[in-house]
Amino acid sequence: VADSGPGNQLAGGLATRLATGLAAAFPADLLRTSDADRARYETDHRRRYHGRALGVALPRTTDDVSRLLAWCNERGVGVVPQGGNTGYCGGATPDASGTQLVLCLERMNRVRSVDAPNLSMTAEAGCLLADVQAAAAGAGCFFPLELGSAGSCQLGGNLATNAGGLNVLRYGMTRSLVLGIEAVLPDGRVYEGLRALRKDNTGYDLRSLLVGSEGTLGVITAATLRLWPARRSTATAFVALPSPAAALALLQLLRGRCDDRLESFELLPRIALELVRRHVPGTASPFAEAPPWSVLCELASPAIEPLGELLQSVLADALAAGIASDAVLATSGSQRLALWAVRENVPEAQKRGGPGLRHDISVPVALIPRFVEEAGAELARRVPNATLVGYGHLGDGNLHFNLNWFAGAAPGEVEAAELPVRRYVHDLVAAYGGSFSAEHGVGQSKREELARYGSPVGLATMRALKRAFDPNGIMNPGKVL
Ligand SMILES: Cc1cc2nc3c(=O)[nH]c(=O)nc-3n(C[C@H](O)[C@H](O)[C@H](O)COP(=O)(O)OP(=O)(O)OC[C@H]3O[C@@H](n4cnc5c(N)ncnc54)[C@H](O)[C@@H]3O)c2cc1C
């Protein structure tokens with residue numbers, strides 16, 4: 001945009017004409033157009049992606065969204081849906097042309113209904129995830145999606161990215177938590193699919209298609225969610241282990257003995273605990289000295305049952321078998337939160353620790369120990385100045401396999417390493433039958449990866465679906481495909 005070449009002058013002229021047309025067609029209250037008002041919607045939360053929007057639309061109703069999309073569709077104006085803007089792949093950031101409209105759902109934040117006997121609730125896309133959880137809890141129910149960003153991400157963003165998080169082991173990804181969807185298609189028609197049914201085999205599943213579509217097929221305006229009975233018992237422990245192989249053995253032991261009471265199983269290397277201790281003051285350390293590896297695990301149940309005793313007995317067996325070397329069990333709600341804070345502060349501690357590269361990978365769970373060993377050794381050889389911080393949702397076979405330069409990096413060092421390291425990690429992931437994007441999506445940052453690793457037949461089918469939904473290509477241009 002700073003460039004004043006003929007292409008940009010052309011885009012600038014178009015942007016001015018579109019802005020005038022938009023302002024004439026919609027009330028001022030619906031739009032934000034000044035530089036200052038647009039700024040926070042034009043950059044992602046990590047400040048990696050920057051764009052310039054034609055304007056920011058803040059609809060209050062599904063009908064507002066419908067009229068905005070119809071207007072954009074008639075003129076071929078690109079629309080970038082945005083929720084809480086906490087995504088990791090630049091999916092909610094407009095391009096730099098000044099001709100794309102950011103459509104943020106933050107004002108559509110009403111919980112429309114909670115139906116406790118049916119274990120379901122209907123909420124608008126702009127609800128904060130934390131508010132959805134609280135509304136479910138207020139009705140004696142439980143909505144199990146749990147992310148570190150719950151206080152700022154929105155239900156629409158969770159659905160559009162098919163978010164994963166901390167309870168996937170027991171409840172699945174966001175897609176498996178949704179019964180129905182309301183969405184506005186690019187031409188402004190409203191798909192009214194807010195059904196609260198467990199069984200509904202009536203043709204193609206548009207709900208599943210819209211979930212995970214990252215704003216490229218339409219705008220999700222509301223959803224009917226599955227709820228579970230409130231949890232009445234929990235047991236949480238931090239367990240010290242010698243290796244990822246031992247963590248896998250513990251996972252098997254817990255599954256065998258606790259069945260689906262096991263809800264979370266998070267793996268952390270020593271460096272992750274050290275980083276939290278160093279960079280997030282006030283976070284309690286579970287162990288006097290950080291062990292080589294540790295696991296944060298949690299059991300939960302809607303029944304009142306002695307889960308603490310169950311967990312203690314499994315961990316005693318793990319200690320006796322040499323699988324674990326130490327364990328800390330939470331004995332109160334506040335201790336439980338303190339243990340979780342260690343896990344949840346890892347991304348922040350890592351960010352404060354130094355510049356880095358991120359990979360959100362998954363491989364079949366049983367292959368995690370081999371993958372960590374092979375990739376860890378090779379990365380230490382290829383990028384000796386960087387430290388591997390591979391942590392995350394071991395129970396789902398999903399690790400955030402990041403590298404950081406804690407001693408600082410020479411100018412351009414991280415940028416120079418980015419592509420070769422990504423290629424090495426993602427090629428290895430592919431060889432293990434894994435995914436280069438386990439839970440964060442594709443957005444703009446992993447579009448080339450999808451083109452490289454996606455199945456040709458799958459990609460062709462995705463393009464055909466995109467054309468069928470969005471023949472004018474207005475929805476989130478330049479993302480995913
Ligand atoms: C501290 C932290 C922890 C996190 N932990 C996790 C984690 O454990 N697991 C995980 O999966 N992610 C995690 N994330 C990433 C992020 O929070 C999720 O991807 C979240 O689902 C994004 O929601 P959002 O409302 O911020 O969406 P945004 O970032 O605003 O948008 C994400 C994508 O969805 C599209 N979109 C948004 N709203 C709509 C809509 N209404 N209709 C259609 N498309 C829409 C956007 O165009 C974009 O492509 C974390 C992020 C942070 C900062």
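Order of appearance sets the numbers: ligands from 1, and atoms from 1 within every ligand. Below, all heavy atoms of this structure are taken into account, side chains as well, without hydrogens, waters or symmetry copies.
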Between [Y] and [X], is there a salt bridge with N-O shorter than 4.0 Å?
| X | Y | answer |
| --- | --- | --- |
| R112 | E182 | yes |
| E214 | K479 | no |
| R52 | D95 | no |

Using 30° and 60° as the class limits, which term best fits the ring planes of F238 and F287: parallel, tilted or perpendicular?
perpendicular
Assign the ring pair H440 / Y88 to parallel, tilted or perpendicular, where the plane angle (0 to 90°) is split at 30° and 60°.
tilted
What does the 4.0 Å heavy-atom contact list look like for ligand 1?
H45, P81, Q82, G83, G84, N85, T86, G87, Y88, G91, A92, L105, A125, L147, G148, S149, C153, Q154, G156, G157, N158, A160, T161, A163, G164, G165, E214, G215, G218, V219, I220, H393, E439, H440, N476
Stepwise side-chain hydrogen bond (donor to acceptor under 3.5 Å, both in side chains) check, N167 with E146:
CA-CA 7 Å; N167 293 330; E146 186 60 271; 5.6 Å; no
